[in-house]
Amino acid sequence: MQSIERLKEIDRRWAERWSRERVFEADPDQRKKVFVTFPFPYMNGPLHLGHAFTSTRVDVYARFKRMQGYNVLFPWAWHLTGEPIAGAAERVKRGDEAQLRIFREVDGVPEEELEKFTDPEYIARYYIREAKKVLHELGHSIDWRREFTTTSLNPAFSRFIEWQYLTLKERGYVSKGTHPVVWCPHDASPTGDHDRLSGEGVSPTKFVLLKFPFEDAYLVAATLRPETIYGVTNMWLNPEATYARVRVDGEVWIVSTQAVPKLKEQKEGVESEGELSGAELIGRHCTDPVSGRKVLILPASFVDPDSATGVVMSVPSHAPYDYVALKELQQKPEVAERYGVRREELLGIEPISLIETPGYGEHPAIEVCEQMGIETQDDPRLEEATERVYRDEFYKGVLRENTGRYAGMRVEEAKDRLVADFTEQGIADVMYELMEEVVCRCGTRCLVKILKDQWFLKYSDEGWKAKVREALANMRILPEEARASFENTIEWLEDKACARKGGLGTPLPWDPEWKVETLSDSTVYMAFYTIAKHVNQGRVNGEKLSREVFDYIFYGKGSPEELAEACGTSAEVLEEMRREFLYWMPVDLRNSAKELIPNHLTFFVFHHVALFEPELWPRAIAVNGMISIEGHKMSKKAGNFITVRRALEEYGASVTRCALMYASEGMRDPDWSAKRAMDMSSSLSSFFRLVEELVDRKEWREEERNIDRWLRSRVQRHVREATMSLEEMRTRSALQAALFDFHNDMRWYLRRDVPHRETCMHALRVWVRLLAPFAPALCEECWSMLGGEGFVSTAAWPEFREEELSPEAEAGEELVMQTYEDVQSIISVTRMKPSRIFIYTAPEWKWRVLEEVQRQERREFSEIMQRLMQQPELRERGGEVAKVLQEMLKAEPKDVLRVRELEVLSEAAEFFRRAFEAEVSVYSAEDAERYDPQNRSARAMPLKPAIYIEK
RNA sequence: GCAGGGGUGGCCGAGUGGCUAAGGCGGCAGACUCAAGAUCUGCUGGGCGCAGGCCCGUCAAGGGUUCAAAUCCCUUCCCCUGCACCA
């Protein structure tokens, strides 16, 4: 507890110094640049650990690259576009308790602030103010001079969006269209998934309406299978339902009363002209518009007046519901007779087959119902039966002779043609319906509305997609596994509405009642960071930034002299802005959560390729998993919402950052747990304590030993691992190397021998720098204790030095470790308390045998033996050689480095002595003077010294 | 349902064909301490062994390929993300 307070104090102190000394402000210079971005957060609440996870990844990368000597820009901005902030203000005005409670209890907004939350701008300003403090304390290396907000609250940004949309439109990427949406009649706005009480994931389904002439009107059947009209035998109406006569675009339609309000949102000039009951329609006839046949209207309980038009055409050959309902009715004709249906006519109805499907006979619906034993129209399994028949017929079915011009076509291909033809002939129309009930958050049941004259981004455009694919192919995607998701998204992406009517935002320049929608105004704003700095510094009037000015800055079009005055600046400033834009662009890394791949991150690429030349296309996108808290999804509702503020209060920046970065990498979802945060806190404290101890240390060893070469070699391994991992944003692996593995080696080093000052200090200086991107403030503290120059944040990243790797030293140290374990294992098995330990290293000739084995590709005893016997010294002891060779051939082949065993183990003797509290002697097996009462030394093998222990 | 990513020891997680699993946490034992904490040391799937060793088991489940599989293929189950006008 004490130590965590100390870490927090260090974190705060250094965050202060960084901003006081403007360490992270970045301007163009001679160096190579790296431009990293985090998707600006939406400011309707405080930053939470999910934000911190992603943003810390960006910061770690920024810090890493900065230390590598790049000129790094990490800017920040705030997203205000859209409905939620405005909606929240509205709810506060209405005194909505649930909303107030969230602000108060989850976000921790003080009462005196809450009063002012009726103003959306105030809410945004409040959260921005808080979030900025939090990011500062978290130690993010942000250049705050470039900060901005979106929407018309920031005129300069609006000018930028206007430029963007005018350009997109001019280049043919924007079009006007009409589209069905899930709509709340009460809110008078589209109802997205998150705005729903129920019906998540439900989207409009397109029904084809087939108009069956009926007296002066049309009976309008809704179907998903319009091709089956060739097999129609009768119509179904629900006798309990009420139907309406509706005027639609000059015609009179008969549909269920429930369908009328739906049609009003989807069709022109819809007016109700009176009602009639289902019962009174039954028994009468309408006309099949294709064949002109008379079609009898029959009663059916399965017909749902709430679904589409409440009128169903009956195709018993291919629709299980229709078949079962017809069979039931024919078995009890008296039911139908009550509605005035003539018995003979009813009994005379026979299924008409129109699709031929491999694996089925003439009437698939009948077959399937009989197979499944379905007897009544209320049987729930009818859904499954319908699904099966539909799917098989759709993919495998072929239309029969009785389908006129469509005969012989596959259902899959005929369907669209037929609908187009029927529509042209005035027989068919469309209606959208929700297959499940959708209820808006306001409690109103939603329906489908056709939104007219909406503005769309033409993401379906093949030429556009081709450029996006090209950009993607040249981009680094981290982790690489995420690439497939991007490719997929590009594949299925269709036109996307890009403007809305409600909420905050920038009006579309050519149609100002629409505002540019949030996912659309967040696509190329990274370019704006280069401009925001100049606007914020008052060097140019942001409100007056015209399209022509942006064209100059971004494209170099026009003359700065002519443009300068109109926007309150000089040609020099405009030229500088253009240079700055060219310097920082393109974006070198954008990082976000994987949930944004199908929208924002892909749109980000779309807009870049639409607006900029390939040199300015983004270079890399990184994605990460979604944070969970103690194993559960984080949500305000669940009450496990953790703000960054709270994490900082409890653990401070260094611990929070490291705990997050160690929680996961790649696409894996990180989990935050209080326990693991505490573990991280002890790891960092322990690191810090070690640095302090060594800085204060007085006792050092003078001469250099194998253990020092070993440590230097290990240090290089960690440098290499941390560097390579960070290049790919693998923060967990990097931290594993830079904190834990490094720490373990330091522990071993200090345990093994009195440390060598230079080696030790060298290791510490590397260590502190490797850890600096993760725990920057703590490392600044250590850096200054170690006498490092300036800030560690701008110190040089340790470069991997291959020449410092020493496989020999590592092999030597492994020999020490192995020998240590062997002694230990003997002690534990024999349960003896040793007083004297003798170690015998392998004789020279055994090494020679081993080396011969390694030289030979074939591990063939006689061949190798023959070669060995050519050496006289070995020949003398042929019997022994044979035994040793056999043993070596039994072992797994592996590369072995020659180690000066006697020297290495002698150096380690003192360590063994301390560890085992016993006298330790190291001999060569060839040493004539050795003490070896049981002749153990005979068993010494290379890298496996013989051991003899006395009680 | 469709698409993408996953499922490894009590827990977090390395590991993508070859000495059957890195590191951390937790647990147990010991050292230090009046004690607790911190720290250090050893053990931590099961079994056997008074000389460094051996045997068995294990990577969601089942099947297959291979001399050899956590790793490759097939099937099933489970989890995460997305499926659009939400940010």
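Chain A is the first sequence line, chain B the second, and so forth, proteins listed ahead of strands; every chain is numbered from 1.
A/Leu660 CG to A/Trp672 CH2: the interatomic distance, rounded to the nearest 0.5 Å, is 5.0 Å.
In this structure, A/Glu83 reaches the sugar-phosphate backbone alone: every heavy-atom distance under 4.0 Å involves primed, P, OP1 or OP2 atoms, never a base. A/Ser203 comes within 4.0 angstrom of the backbone, heavy atoms only, and of no base. Contact annotation for A/Leu519: base contact, defined as any heavy-atom pair under 4.0 Å involving a base atom. Using a 4.0 Å heavy-atom distance criterion, A/Asn488 is classed as a sugar-phosphate-only contact. Contact annotation for A/Arg676: backbone-only contact, meaning every heavy-atom pair under 4.0 Å involves sugar-phosphate atoms and none involves a base. Here A/Leu596 lies in heavy-atom contact (under 4.0 Å) with a base. Residue A/Tyr820 is in sugar-phosphate contact alone, with no base atom involved, counting any heavy-atom pair closer than 4.0 Å across all strands shown. If you check every strand for non-hydrogen atoms under 4.0 Å, A/Ser592 touches nothing. When heavy atoms are screened at a 4.0 angstrom cut-off, A/Thr830 is found touching base atoms of the nucleic acid. Counting any heavy atom pair closer than 4.0 Å across all strands shown, A/Glu491 reaches no nucleic acid atom.
Each of B/C86, B/C25, B/C80 was ranked by its minimum atom distance to the side chain of A/Lys594; first place goes to B/C80. Nearest nucleotide to the A/Met667 side chain, out of B/G53, B/G5, B/G13: B/G5. The A/Pro84 side chain lies nearest to B/A87 when the options are B/A51, B/U81, B/A87. For A/Ser485, the side-chain atoms get nearest to B/G4 when compared with the rest of B/G4, B/A84, B/G13. Taking the side chain of A/Val829 as heavy atoms from C-beta on, and the options B/G7, B/C50, B/C40, the nearest nucleotide is B/C50. Nearest nucleotide to the A/Phe740 side chain, out of B/G52, B/G24, B/C80: B/G24. The listed nucleotides are B/G5, B/G23, B/C25; the one nearest the side chain of A/Asn744 is B/G23. Nearest nucleotide to the A/Met832 side chain, out of B/A51, B/G5, B/C86: B/A51. Of the listed nucleotides (B/C80, B/A22, B/A87), B/A22 has the atom at the smallest distance from the side chain of A/Gln736.
Between the CD atom of A/Glu693 and the P atom of B/A38 there is a distance of 16 Å, given to the nearest Å. Per the geometry, CH2 belonging to A/Trp748 stands 9 Å off P belonging to B/U41, to the nearest Å. For the pair A/His743 NE2 and B/C25 C1', the computed distance is 15 Å after rounding to whole Å. Rounded to whole Å, atom P of B/C86 lies 8 Å from atom CD of A/Glu517. Atom CZ of A/Arg914 and atom P of B/A31 are 20 Å apart (whole Å). Distance, A/Lys675 NZ to B/G24 P: 13 Å, rounded to whole Å. Rounded to an integer number of Å, the gap from A/Leu739 CG to B/G23 C1' is 11 Å. Note: CZ (A/Arg732) to C1' (B/A14) measures 8 Å, nearest angstrom.
Side chain of A/Glu950 to main chain of A/Ser835: no donor-acceptor pair is present (N/O by atom type, distance under 3.5 Å, no hydrogens or angles). Side-chain atoms of A/Trp464 come within 3.5 Å of backbone atoms of A/Phe606 as a donor-acceptor pair (strictly under, hydrogens ignored). Remark: side-chain polar atoms of A/Lys515 are not paired, donor with acceptor, to backbone N or O of A/Gly502 under 3.5 angstrom.
Checking A/Phe687, A/Phe774, A/Trp767 one by one against A/Phe742, the ring pair (Phe, Tyr, Trp, His ring centres under 6.0 Å) holds for a single residue, A/Trp767. Paired with A/Tyr931 under the rule ring pair (Phe, Tyr, Trp, His ring centres under 6.0 Å), one option of A/Tyr840, A/Phe838, A/Tyr923 passes, and it is A/Phe838.
Residues A/Trp748 and A/Phe911 place their aromatic rings such that the two centres sit under 6.0 Å apart. Taking the centre of each ring, A/His179 and A/Phe456 come in below the 6.0 Å mark.
Here the separation of B/A14 from B/U8, taken at their P atoms, is 10 Å to the nearest Å. Using C1' as the reference atom, B/G5 and B/A38 are 41 Å apart when rounded to the nearest Å. B/U16 and B/C59 have their C1' atoms separated by 12 Å, with the value rounded to a whole Å.
Between A/Glu665 and A/Arg732, none of the side-chain N atoms (NZ, or NE/NH1/NH2) sits under 4.0 Å from a carboxylate O, so this pair counts as no salt bridge.
For A/Arg751, a side-chain nitrogen or oxygen approaches OP1 or OP2 of B/G42 to under 4.0 Å.
Of the residues in residues 943-951 of chain A, those with a non-hydrogen atom less than 4.0 angstrom from any atom of RNA chain B are A/Lys944, A/Pro945, A/Ala946, A/Ile947, A/Tyr948, A/Ile949.
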